[in-house]
Amino acid sequence: MVNPGGSSQPPPVGTGSLSWKRCAGCGGKIADRFLLYTMDSYRHSRCLKCSCCQAQLGEIGTSCYTKSGMILCRNDYIR
């Protein structure tokens, strides 16, 4: 994921029961096998959406873009 102006590496995730991460999109616990990390927060794959077109970015590619605090798909970023 592209994360200009922020850390490109997420903080380490533990393996114990206290390692649950909260989704920045829905606020729920993330129990998925993989965590998506962008804009200094974790998200479920279904919650990582383009701020303009609402495309689920976790399903359409391996990168996203940010501009003015918004998470964008490639098309909306270019536009």
Side-chain angles (χ1 to χ4, degrees):
M1 301 285 166
V2 176
N3 193 9
S7 171
S8 62
Q9 295 295 320
V13 177
T15 57
S17 61
L18 298 177
S19 66
W20 289 104
K21 298 296 181 192
R22 292 265 175 205
C23 175
C26 70
K29 287 183 180 179
I30 301 175
D32 300 353
R33 183 173 179 190
F34 299 103
L35 302 173
L36 299 180
Y37 184 77
T38 186
M39 294 183 66
D40 298 325
S41 60
Y42 292 96
R43 298 173 191 271
H44 294 108
S45 59
R46 69 183 174 277
C47 295
L48 183 62
K49 296 180 183 179
C50 175
S51 297
C52 291
C53 69
Q54 299 302 308
Q56 290 186 345
L57 301 176
E59 294 182 1
I60 64 171
T62 59
S63 60
C64 66
Y65 302 83
T66 62
K67 188 171 189 176
S68 301
M70 297 186 303
I71 297 173
L72 303 168
C73 66
R74 184 178 186 272
N75 292 338
D76 287 322
Y77 179 77
I78 291 171
R79 192 168 358 124

- Task: Report the C-alpha distance between Ile71 and Cys50 in whole Å, list the side-chain angles of each, state the deciding distance to 0.1 Å, and finish with yes or no for side-chain contact (heavy atoms from CB on, under 4.5 Å).
- Result: CA-CA 5 Å; Ile71 297 173; Cys50 175; over 6 Å; no

- The complete set of salt bridge (charged side-chain N to carboxylate O under 4.0 Å, His left out) pairs with one or both residues in residues 63-79, sequence neighbours excluded, reads Asp76-Arg79

- Ignoring hydrogens and angles, tell me if any N or O in the side chain of Arg43 forms a donor-acceptor pair with the backbone of Cys23 under 3.5 Å. no

- Query: Between His44 (side chain) and Lys29 (backbone), is there a donor-acceptor pair under 3.5 Å?
  - Reply: yes

- Query: Given the rule in the side-chain contact (heavy atoms from CB on, under 4.5 Å) test, do Cys64 and Thr38 qualify, once you have shown the distances and angles that lead to the verdict?
  - Reply: CA-CA 8 Å; Cys64 66; Thr38 186; 3.7 Å; yes

- Query: Is any side-chain heavy atom of Cys53 less than 4.5 Å from a side-chain heavy atom of Cys73?
  - Reply: yes

- CD1 (Ile30) and CG (Leu36) are apart, to the nearest 0.5 Å, by 7.5 Å

- Item | Heavy-atom pair with the smallest gap, counting every atom of Lys49 and Arg46 | CE-O, 3.2 Å

- Work out which heavy atom in Gly69 is nearest to a heavy atom in Met39; give both atom names and the distance. O-CE, 3.4 Å

- Item | Closest non-hydrogen atom pair between Ser45 and Asp32, with its separation | N-OD2, 4.0 Å

- Item | Point-to-point distance, once rounded to the nearest 0.5 Å, from OH of Tyr42 to CG of Leu48 | 14.0 Å

